[in-house]
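As the structure is a computational prediction, the values presented were derived from the model and not from experiment. Numbers here are sequence positions counted from 1.
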Amino acid sequence: ADLPNLTADIRPDRADFTTAHAAIGSGRGRFDLAFAIFTVVNYVLTPGDLAALARRVAESLEPGGHFVFDLADRRLFASARVESSRLRRHIEVTPIGRELFRYRDRGSGTSGGRRFTYDEQFTFRYWTDTQVLSVFADAGLRLHADVSHRLRESGSRWFVLATA
């Protein structure tokens, strides 16, 4: 009862945050539903960029449209080691500024009988629920549901926002 009815036809489209505004006036139209999952909102580093994202999302949704996103819990901003028979990961999370962190994930393992290695680095930010929900409310998106209880093991808080 706390999620929108998703029985209608689905027409997928994809855009990154820096180009999402290009969907407006491009002939692709506006959307009933948008997702930003896998903690991508945490990759938005400044309050100004967060406000710009909120405006683009609001402009891209039809009246009555919904936006589903997740925010990383504070516990994901900690270094860790993960080892199993097929994967070894060394995750280093280093504070670099006010609520900004450098994330480095080095790993190796096997998949399909083949050996692999990777070394991924990026900067991300811890945002509180209040900060993000306030910015999206200013852009015209209200909280429809907090569905975090349905996805407790994800390490994130999950929200559904709606346009007026």
Side-chain angles (χ1 to χ4, degrees), residues 1-18 20 23 30-84 86-87 89-105 107 109 120 122-164:
D2 54 0
L3 290 175
N5 180 355
L6 302 178
T7 59
D9 292 333
I10 295 176
R11 178 181 50 91
D13 202 339
R14 185 177 87 179
D16 71 35
F17 286 159
T18 60
R30 292 171 63 167
F31 304 93
D32 297 314
L33 180 65
F35 290 92
I37 57 175
F38 302 113
T39 66
V40 296
V41 172
N42 294 99
Y43 295 89
V44 178
L45 302 180
T46 69
D49 287 344
L50 184 63
L53 167 64
R55 287 189 304 273
R56 288 193 300 266
V57 170
E59 292 167 354
S60 296
L61 290 172
E62 290 285 353
H66 291 86
F67 176 54
V68 179
F69 71 99
D70 65 323
L71 289 173
D73 282 340
R74 179 62 87 176
R75 65 185 163 147
L76 293 182
F77 290 79
S79 297
R81 288 188 184 271
V82 178
E83 293 194 27
S84 71
R86 295 186 316 180
L87 177 65
R89 293 177 67 191
H90 181 206
I91 301 165
E92 298 172 45
V93 179
T94 308
I96 58 171
R98 185 177 166 96
E99 300 300 345
L100 292 175
F101 298 82
R102 169 65 62 196
Y103 180 98
R104 184 173 186 191
D105 184 354
E120 178 181 45
F122 54 86
T123 301
F124 67 147
R125 181 182 182 120
Y126 177 77
W127 293 103
T128 67
D129 302 349
T130 302
Q131 287 171 312
V132 173
L133 295 174
S134 174
V135 169
F136 276 91
D138 289 346
L141 291 164
R142 63 176 169 71
L143 179 63
H144 177 80
D146 178 339
V147 294
S148 302
H149 64 282
R150 292 185 176 197
L151 300 154
R152 281 191 186 102
E153 300 302 316
S154 71
S156 295
R157 291 132 24 238
W158 290 80
F159 303 97
V160 180
L161 305 184
T163 59

Novice: Output yes when a side-chain donor or acceptor of R125 lies under 3.5 Å from a complementary backbone atom of Y43, and no otherwise.
Specialist: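 No, because the side chain of R125 does not come within donor-acceptor range (under 3.5 Å) of the backbone of Y43.
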Novice: Apply side chain to side chain contact (heavy atoms under 4.5 Å, CB included) to residues L161 and L143 and explain how you reach the verdict.
Specialist: CA-CA 5 Å; L161 305 184; L143 179 63; 3.9 Å; yes
Novice: Does CZ belonging to R98 count more than 12 external heavy atoms closer than 6.0 Å?
Specialist: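 12 or below, so no.
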Novice: Step by step, would you call L141 with T163 a side chain to side chain contact (heavy atoms under 4.5 Å, CB included)?
Specialist: CA-CA 5 Å; L141 291 164; T163 59; 3.3 Å; yes
Novice: For T128, what residues pass the side chain to side chain contact (heavy atoms under 4.5 Å, CB included) criterion, not counting sequence neighbours?
Specialist: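 Counting only residues at least two positions away or on another chain, T128 forms a side chain to side chain contact (heavy atoms under 4.5 Å, CB included) with Y126, T130, Q131.
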Novice: Taking the ring of F136 and the ring of F69, is the distance between their centroids below 6.0 Å?
Specialist: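 That pair passes the under 6.0 Å test.
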Novice: Report the C-alpha separation of R89 and D105 in whole Å, then their side-chain angles, then the decisive distance to 0.1 Å, and conclude whether the salt bridge (Lys or Arg N to Asp or Glu O under 4.0 Å) test is met.
Specialist: CA-CA 7 Å; R89 293 177 67 191; D105 184 354; 2.5 Å; yes
Novice: Return the CZ to CG distance between R157 and D70, rounded to the nearest 0.5 Å.
Specialist: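 Answer for the CZ-CG pair, R157 versus D70, is 9.0 Å.
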Novice: Measuring from atom CZ of F159 to atom CG of D129, what distance do you get when rounded to the nearest 0.5 angstrom?
Specialist: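 It is 3.5 Å, given to the nearest 0.5 Å.
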Novice: What do the steps show when you test L76 against V93 for side chain to side chain contact (heavy atoms under 4.5 Å, CB included), and what is the final call?
Specialist: CA-CA 9 Å; L76 293 182; V93 179; over 6 Å; no
Novice: Does the W127 side chain pair with the main chain of V44, one donor and one acceptor, at a distance under 3.5 Å?
Specialist: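 Yes; at least one donor-acceptor contact below 3.5 Å.
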Novice: Sequence neighbours left out, what passes ring pair (Phe, Tyr, Trp, His ring centres under 6.0 Å) with F124? Give chain and number order.
Specialist: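 Partners of F124 under the ring pair (Phe, Tyr, Trp, His ring centres under 6.0 Å) test: F77, Y103, F122.
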Novice: Is S156 reaching over with its side chain to a backbone N or O of W158, donor-acceptor style, under 3.5 angstrom?
Specialist: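 No, the answer is negative, given that no donor and acceptor are paired below the 3.5 Å cut-off.
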Novice: What closest approach, in Å, do H149 and R152 show between heavy atoms, and which atom pair accounts for it?
Specialist: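 It is O-NH1, 3.5 Å.
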Novice: Does any donor atom in the side chain of R30 or S60 lie under 3.5 Å from an acceptor atom in the other side chain?
Specialist: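 Note: R30 and S60 side chains miss the donor-acceptor criterion.
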Novice: Would you find more than 12 non-hydrogen atoms of other residues, nucleotides or ligands less than 6.0 Å from R81 atom CZ?
Specialist: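 Check fails, neighbour count at 12 or below.
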Novice: Measure from the side-chain N and O atoms of D146 to the backbone N and O of S148, and report whether any donor-acceptor pair falls under 3.5 Å.
Specialist: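 Yes: the side chain of D146 pairs with the backbone of S148.
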